Structures are given as C-alpha cells and as structure tokens.
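Encoded as structure tokens, here's the structure I'll be asking about.
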There are 2 protein chains.
Amino acid sequence: MNDVARVAGVSLGTVSHVLNKPEIVSAKTMARVTAAIDQLGFVRNDAARSLAAGRSNTIGMILTDVGNSLFVDIARGAEDAASSAGRSLLLANSDVTFTKQESYLDIFNEARVAGIILAPLDAGLDGVDRVRRHGRNIVLVNYAGDRTDCCSVVVDEEHGGYLAATHLMDIGRTRLLFAGGPQDLHAVNARREGARRAVRERGGSVSLDVVHSRNLKSSSGRSIAQDLITSGALPDGILAPADQLAAGLIHELTDAGISVPTDVAVIGYDNNQFASEAAIPMSTVSQPGHDMGREALRLLVDEIDNPRTHEHQRVTLQPTLIVRRSTTMPSPLRT
Amino acid sequence: MNDVARVAGVSLGTVSHVLNKPEIVSAKTMARVTAAIDQLGFVRNDAARSLAAGRSNTIGMILTDVGNSLFVDIARGAEDAASSAGRSLLLANSDVTFTKQESYLDIFNEARVAGIILAPLDAGLDGVDRVRRHGRNIVLVNYAGDRTDCCSVVVDEEHGGYLAATHLMDIGRTRLLFAGGPQDLHAVNARREGARRAVRERGGSVSLDVVHSRNLKSSSGRSIAQDLITSGALPDGILAPADQLAAGLIHELTDAGISVPTDVAVIGYDNNQFASEAAIPMSTVSQPGHDMGREALRLLVDEIDNPRTHEHQRVTLQPTLIVRRSTTMPSPLRT
DNA sequence: CTGAAAGCGCTTACAG
DNA sequence: CTGAAAGCGCTTACAG
C-alpha cells in the first residue's frame, strides 16, 4: 500500500480511503490511486486490515457433514446471502467429529472472524461458550439444544415426523414402523414423537412400532429389514429418519421379493440427492437447507452490524413432504 | 498476550516463545506462562501473527462442487493430511461458477494463506497466474490443463474410460455407446478416448458409438435413453461419464421394460454415494479422492516448507473399476 | 534461556 | 477532501 501511495503521489491514509470509503474521495484522486493499484497488482493484506480495524470481514461456517446434501444446501444458502452482504464465507467440515468441531471453532476464533455459523453435533455445545466468551458472534443452525443466548435456525423436526406418519396413514397404511436411529439423537427423537402424535390424533386402529439402530446408514436399514423379514411380521408403512437408512431398507425388502410400495411403503428423511435418483424414487421429508443457511447468515450479520439493538432469536422453519414412488400405488398404465 | 506476560511476570517475547518454540523455554517459565494463558483464556490473534511473521498457518482449498462426493473425498483427504502436518484447512465452494472461483482465489490471496489447493474449472486458469504472481503457493487438483509451473494431482482419465470399456467387452458386450457429456470437458474427452483405445486394441467386431449431451445430470441420461428407445437401436453396453447420467439412463431404460444389465449393461463414473445405494447398484469407475487430497496437501506443504529445493511435479493417480449389479448377469439364485 | 525493541501493513481519529 | 501519526497484537533477530 505504501508503494501504491508513492506511485499515486498521495498519502497512505488516502489509499486506505479509496479502498474503504470511496465516497469521501475526490474523483481525480480516486482515478490516480486505482490506476496505481492496477499497475502494481496490489492486493490488500487482510491480516493487517483485520488487525488494524479490529474486525474481519469473513465469516466462518462449520458443517457437521459435507457428505450430507442438507449441509451442502445450507452452505449454498449462506454463501448466497454472504455475497449479497459483501462478506466472504469460509467453510470447515467437522465430519461428525466433536474434536474437529472444537478445533475449527478455535481456528475461527484465532482468525478473529466476524462471526461463526455452527451446525453443531448433539455431543455438546461447550465450544459455543468458549467462543462467545471472546465476544465472537455465533449462530447455531440445524440444532441448538435449548440455548437462547445466541441466535439459531432450526427445523421443526417434530412436524417432519408428523408429516411423514400422516402421509402413510393417508394412503391407508395402518401398521406403521418408525425404523432405526440412535436413541440419543435429538432430531430422531423429535421425529419419532411427531409420528406418535400423528397416530394418536388420527385415532382408530393404527399402530406405530419403533425399532432402533446404531446409526443412520444404509447398512442399518438392511439389517432392520432382515430382522423384519425373519420375524415374518412386516409393517405396511415404514418411516425412516434418514434417506440412507430408507435406501437400505428398500433395497433389502425388494431383494427379498417384498414390493415397495405395494407391500410396504417407505418414507425417508432429508431429501438427499440420491432419493430422487433411486430406481424406486423415494418419498421423503425435505428440510429447507438453502433457507436455513440464508437465515443463519442474515441473523449473524444483523448481530455483527447492530450489536446494541440485536436481539437473539430462534427461527424455526418448516419441513415439507415430498411424495415419490416409494409411497405411491403404482398406476397400471404409465403416461 | 500483553496481559499474559504481565500475569506470568515475563516479557512479551517469552510468551511468544512458549507458543511457537516451546523447546527453547525452561520448564518453570513454561508452566508459569501456560498457567497464565489458561487463567486468562487467552487465544492468539492469528491476524497479528500472520502479519508479524509474514506468513499464515492455514491453507485454503477451493472445491468445484461440494455436492459431488468426489470433492468431499478430496477435502477429507486434504483435511487428514493437514491435521497431521499441523496446518488448518479452510474450504470454499466455487459451485461450478468461474466468478466464484476467482473471487475465492482473491479472498485467499488477501488472507495471505500459506498456500492454496484449487480444483479448477475447465473454464480457465487465469486466476492461477494472478495468485502465483503474488508468490502464493498453489497446487491444482483434479484438473491441471497443461500447466507445469505448479504442482498438480490428477487422475488418469483416459485410463478410466479404458477400464470401463474393457469391462463391458469382458462381459461380452459388443455394441457399446459412450453416452453423454459436453464436448468441451477435458475429463469427458479423455474418458471417451480411453474407451476408443480399449475398443481398438480389442479388435474384432466391437463397435463404439458416441452421443453428446448438454450436461452430466440425470435428466440428460433420461433424454438420451428416450432417444435410444425411440430409435429402436439399443446398444448392449453403455458407458456414462458420470454416475448421475448413468442413473438417469438406468431409470428410463428400466421404466421402458428394458432390463439392466440383461439387455443393456450400464457403467457410470465417479463412484458417487448413491451409486451403491440404487436399487440396481451401479458399476462405476472410482477416483481416489482421498488420496488426491492427501497428495495435493503433501505437495503444497513441501513447497511451503522447502521453497529452495522444491520441484514442481504432476502426480497422476489411477482410477479403479468397481463392478456392481448394473453390469453383472443376475445369478438365478441369491445367496 | 530471557528481555527490549523494531517492524509487519494496514485503519482511523484528528488536524488542516 | 487529504495528510501525519498512533496503534492494532504479534514475531524475531539481537543482546545479554
């Protein structure tokens, strides 16, 4: 920047002004300085800028699992909102690992980012305290426990389960199974409760069984399906709290000659990319990932820009039902 | 850090030493300083550190498309290697958009990261020059054009096409079709050439037709399949240069009552997550994403640490064939 | 092994 | 509208 000032024949402060407050610089000076910048190929040193200004322009985002398209959607939403707001977004992948989440929190903290968007693991929100203690703004997305001391954007998981169960009952299924999922995942529990409520409200003779599994992967779906087949007591509608799990279920059922959806209708959760690509396109509950990311970034920027007037809030978005062939009676004639 | 020095009763420089060169500090001083750090909850300001040291500890990585699991694997590989090397990795998603790629390049350049790993678009490598002119280390991954002035990690795309075509011929297919893909994508062209070479080398009466498509999405696969069905001239083996495309093809063929793989064997490319989850698990060519990321980071760190002795090199990794049901004759009896 | 001091490249009141 | 100067929080030779 010194070089730029020399070449342009102005002072250091003036160069800084054309970069940060172009509106207070005269057109002539402006032109001289930008010419010098171009000529020299000058690129502002952001480390120095952050240090001098006491704040940075970039926002850090920590995703639970970039292999899950929900988080990719969230990142895209945040990215779109960030570029509209003139901020840059840097991503980190905690990869469902608590220590990685904590470590990235520290990295962003050391980098003095303007704020952090965290999609936290259920495992714990200790890091949030640590970061907030340093005055760093943080907003939680996708899961927020019961925290009210920072902004958060969550999805109504209970409603998602409710939607899925209601849909299965609407197509006439009466022996439902909520299949799989660890018992200690907040989202899974909420979805299960939503399904329970739907069945309760419907009344009548609809039953809802529950089985658990170690994780939400397709292998768990397969083993659940095998157990069902062995037991001989098949449900006629299955709710899986994840598309992967549902894919494993469908796979194994179909292989055993059990027809999906005729014998058993299956609905997943998350609307992952492959849900629509499968040979039996999968019904699912879709979470508004893009909106989640956008909202989270909006809240964060408000907190950064208006530290005095900002009030923490929890934004709850609604999931939507997506009906595909895995819960649709095949029509005798395809159009 | 001033506060830490005061509380510990040592000088500023000493605190810096315990953070950066713990081996030259006495045990007693070390203990006093770390105690003070804990007590104060001190977190080093990375902006100041980068500025004073003239270099940063973090590495920036720009991915073409985090929605594609290949890039997620690359990120994971780089992340693993980075944490072993004591560096932190920050991600950005160019989302197959050239302007975003350029903008992130500039952001990392402004941030004075220690180095950049770029998975570039075919669209152009201008930004690479701009960044290198500022002395920033950069390594290219997945695609490198013909650049030899920086390190790169690529996959032998031609060999991938060769593997796929050879496999189809090995299972007795003789009327092959290389289906889809824009004509201006380097990777697609190389895969097609590999397939051609395989057919040529095999000799005999195997034919290889080629059709193009606007993109690599499943909708393109569907429309290609429709055209084939309409024309009535079906191949008995199809190579698709992307799993998505293959999924669309399989979908549409199956819906029309054409059996995959009995009538038409289909092989995809990339080994995306959904390839194994599909109702007809898909054969595909797998790229070693994790290794690509790891290698790229290794090359970058070598360039950063040994600027004098470092020599640019291109590492070419080999893809592998993954055979699944979409190219396997179904056995009459399942075990 | 430790301390004092210069300097990294910016921003930002403050004068003018 | 522009310039001079202090200061952001560290690192790093250099003495001792």
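Everything numeric in this text was worked out from a predicted model, so none of it was measured. Atom set for the values below is all heavy atoms of this structure, side chains included, hydrogens, waters and symmetry mates excluded. Chain identifiers are assigned alphabetically (A, B, ...) following the order of the sequence lines, protein sequences preceding nucleic acid strands; residue numbering begins at 1 within each chain.
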A:L12 vs B:S11, nearer the 5' end of DNA chain C by closest nucleotide: B:S11
Sugar-phosphate, base or nothing in reach of B:V25, heavy atoms under 4.0 Å: sugar-phosphate
Sub-4.0 Å heavy-atom contacts from residues 26-43 of chain A onto DNA chain C, ordered by number: A:F42
Base-paired stems in DNA chain C, each at least three Watson-Crick or G-U pairs under 3.5 Å: C:1-3 with D:14-16, C:5-12 with D:5-12, C:14-16 with D:1-3
Sugar-phosphate only, base, or nothing, as touched by A:N2 at under 4.0 Å among non-hydrogen atoms: nothing
All side chain to side chain donor-acceptor pair (under 3.5 Å) counterparts of A:D126, not counting sequence neighbours: none
Under 3.5 Å donor-acceptor, B:Q101 side chain and B:L121 backbone: yes
Residue pairs passing the side chain to side chain donor-acceptor pair (under 3.5 Å) test where at least one lies in residues 36-45 of chain A, sequence neighbours excluded: A:R44-B:E110
Side chain to side chain donor-acceptor pair (under 3.5 Å) partners for B:E157, two or more places apart: B:R191
Minimum side-chain heavy-atom gap A:I304-A:R87 below 4.5 Å: yes
Contact check, side chains of A:Q287 and A:D270, non-hydrogen atoms, under 4.5 Å: yes
Covered region of DNA chain D, 5' end to 3' end, by chain B [heavy atoms, under 4.0 Å]: D:dG9 to D:dT12
Sugar-phosphate, base or nothing in reach of B:V10, heavy atoms under 4.0 Å: sugar-phosphate
Considering only distance and modelled atom types, tabulate donor-acceptor pairs under 3.5 Å from the side chains of residues 66-73 of chain B, sequence neighbours left out.
residue, atom, partner, partner atom, Å
B:N68, OD1, B:L70, N, 2.8
B:S69, OG, B:N272, OD1, 2.7

NZ/NE/NH1/NH2 to OD/OE distance under 4.0 Å, B:D65 and A:R76: yes
Qualifying residue for side-chain contact (heavy atoms from CB on, under 4.5 Å) with A:L140, from A:V154, A:V128, A:I117: A:V128
Enumerate, atom names and distances included, each donor-acceptor pair closer than 3.5 Å involving a side-chain atom of residues 55-64 of chain B, sequence neighbours excluded.
residue, atom, partner, partner atom, Å
B:S56, OG, B:T58, N, 2.9
B:N57, ND2, B:G86, O, 3.4
B:T64, OG1, B:A119, O, 2.9

Sequence-distant partners of A:S103, side chain to side chain donor-acceptor pair (under 3.5 Å), two or more places apart: none
Pairwise ring pair (Phe, Tyr, Trp, His ring centres under 6.0 Å) hits with a residue in residues 101-155 of chain A, at least two apart: A:Y143-A:H186
Exercise: identify the closest heavy-atom pair between B:L297 and B:A78: CD1-O, 3.6 Å
Selection: residues 301-308 of chain B, any non-hydrogen atom under 4.0 Å of DNA chain C: none
Side chain A:S84, main chain A:D80, donor-acceptor under 3.5 Å: yes
Contact residues, residues 46-58 of chain B to DNA chain D [heavy atom, < 4.0 Å]: B:A48, B:R49, B:A52, B:A53, B:R55
Check: A:R49/A:N20 side-chain N/O donor and acceptor closer than 3.5 Å: yes
